Number of protein chains: 2
Amino acid sequence: MPAISKREQIISHALTLFYQHGFNATGIDKIIKDAGVSKKTLYNHFHSKDELILATLRKRDELFRNNLMRETERLGHTPRERLSTLFDAVHAWFNEATFSGCMFINASAEFSELENPNHLVCAEHKRLVRDYIKSLAQQANASDPEELANQLNLIIEGAIVNAHVEGNKDAAKRAKVMGEVFINMAMKD
Amino acid sequence: MPAISKREQIISHALTLFYQHGFNATGIDKIIKDAGVSKKTLYNHFHSKDELILATLRKRDELFRNNLMRETERLGHTPRERLSTLFDAVHAWFNEATFSGCMFINASAEFSELENPNHLVCAEHKRLVRDYIKSLAQQANASDPEELANQLNLIIEGAIVNAHVEGNKDAAKRAKVMGEVFINMAMKD
DNA sequence: GACCAAGGAAACCGATCTGTCTACACTTGA
DNA sequence: TCAAGTGTAGACAGATCGGTTTCCTTGGTC
């Protein structure tokens, strides 16, 4: 058993390539070349490119949410603070050198039918992120945690679009100010 | 001179195909088949697929903004009202049968480098939409029209993502409620 | 009637796509 | 020692990609 399994190796490189160049634009040959595996090995682990895409999206969901939660909780110590530092974590993400938008928004663009399995994973990811925000809102005793989560999530989505389409690296700062408005509204009553 | 020029005919069909299936996933052969023109004709009017994509995005920008402005102004009669009916126009868009997200967000996903000409047109489109909102905010005597436009725009972007990725047809309703908060804040002082 | 630009149909080009297959090397456990 | 499993390298298949070219028709215009 190698230190990193071939499967993980393939997913890891596919992740980078799909994220930077898109799904349709990234060929299998490029993936196996970067990952340093043979085509046979890839097709031993994944029956098709689509299956690889699915596995890649699932991996990205895991990595992304873990990172978001870790950063949010590292920067803020009370639930109330964390509703705010959520935006700081997002800000840090926007300013990573490899930032290329939200992989799930990007995937939804290429697999636009809602029933498409790849698209479904994207919707699921968005739901899970919102669930996390909701749990923070609940711990902070917001008046309507679900609605606050929906609002903050929507603001973050808007900031992501702003950051990616227009290259606005400060999109999260405005989003934070806007978010505070709703956080305060949900706290005072 | 035909009623509809071949050029417009090609752009029109390319628009539908690119919007529904994406840019990389849509082949030239499919476009010429749908448009009912020969490949020769297409390459007489456009030197490359990329040039066609660029022309298609420009056309979409024109059509989209005209429609957004028309609907917004049909539904609201004062500038203040129109800041609000903007969201109703967006709501109607989300509920069109062919809704498939924002074509410019989608294009930015496939052409992710900011310097890519196709991506630049997307950024320009977003700027123009924001300029329109800003002009409404100015007419409504908002305290900081530019900032209000940035805020409402960000909320709309978030709603678009919500509507497309998760298929939430009511995303614009929440966005409207959220938008009103900032509109009221910018009006009272 | 002569000319010409525009378009249509389709062959063709080289490249690339996803996916399959063969041949061979290496490790590991029985 | 041998069999099985896993890997590599890479040829190959068949389709499709963007794009070029050839040949032919059509519809004006002088």
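Values in this document were obtained by computation on a predicted structure and should not be read as measured data. In what follows, chains carry the letters A, B, and so on, assigned in the order in which the sequence lines appear, proteins first and then strands, with residues in each chain numbered from 1.
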Item to check | Sugar-phosphate only, base, or nothing, as touched by Asn44(A) at under 4.0 Å among non-hydrogen atoms | outcome: nothing
Item to check | For atom CG of Asp29(A) and atom C1' of dA9(D), their distance in whole Å | outcome: 13 Å
Checklist entry - Between atom OH in Tyr43(B) and atom P in dG8(C), what is the gap in whole Å? => result 15 Å
Checklist outcome for this item: From CD1 of Ile10(B) across to C1' of dG7(C) the rounded distance in Å is 11 Å
Checklist entry - What is the distance, rounded to the nearest whole Å, between atom CG of Leu17(B) and atom P of dC17(D)? => result 12 Å
Checklist entry - Between dT16(C) atom P and Asn24(A) atom CG, what is the distance in whole Å? => result 17 Å
Next on the checklist: Between the base of dG19(D) and the side chain of Lys39(B), is there a donor and acceptor pair under 3.5 angstrom?
Outcome noted: yes
Item to check | Ring geometry between Phe64(A) and Trp93(A) (parallel below 30°, tilted from 30 to 60°, perpendicular above 60°) | outcome: perpendicular
Checklist entry - Atom CD1 of Ile31(B) to atom P of dG18(D): distance rounded to whole Å? => result 7 Å
Next on the checklist: Checking Ser112(A) against Gln20(B): is there a side-chain donor and acceptor pair closer than 3.5 Å?
Outcome noted: no
Item to check | Interatomic distance, Gln9(B) CD vs dA6(C) P [rounded to whole Å] | outcome: 16 Å
Checklist entry - Can a salt bridge be assigned to the pair Lys134(B) and Glu146(B) using a cut-off of 4.0 Å between side-chain N and carboxylate O? => result yes
Item to check | His45(B) side-chain N/O to dG7(C) phosphate OP1/OP2 under 4.0 Å | outcome: yes
Item to check | Shortest side-chain distance from Ser38(A), nucleotide among dT8(D), dG8(C), dG19(C) | outcome: dT8(D)
Next on the checklist: Can you see if the side chain of Thr41(A) gets near the phosphate of dT8(D) - specifically, an N or O under 4.0 Å from OP1 or OP2?
Outcome noted: yes
Checklist entry - What does His47(A) touch in the nucleic acid at a heavy-atom separation under 4.0 angstrom: a base, only the sugar-phosphate, or nothing? => result nothing
Checklist entry - Should the pair His119(A) and His164(B) be assigned to parallel (<30°), tilted (30 to 60°) or perpendicular (>60°) ring geometry? => result perpendicular
Item to check | Length of the CZ-C1' vector between Arg7(A) and dG7(D), whole Å | outcome: 17 Å
Checklist entry - Counting only side-chain N and O atoms of Lys6(B), is one of them less than 4.0 Å from OP1 or OP2 of dG8(C)? => result yes
Item to check | Joint cluster assignment, Met187(A) & Val177(B), ILVMFWY side-chain distance < 4.5 Å | outcome: no
Item to check | Touch class at under 4.0 angstrom, heavy-atom based, for Lys40(B) against every strand present | outcome: base
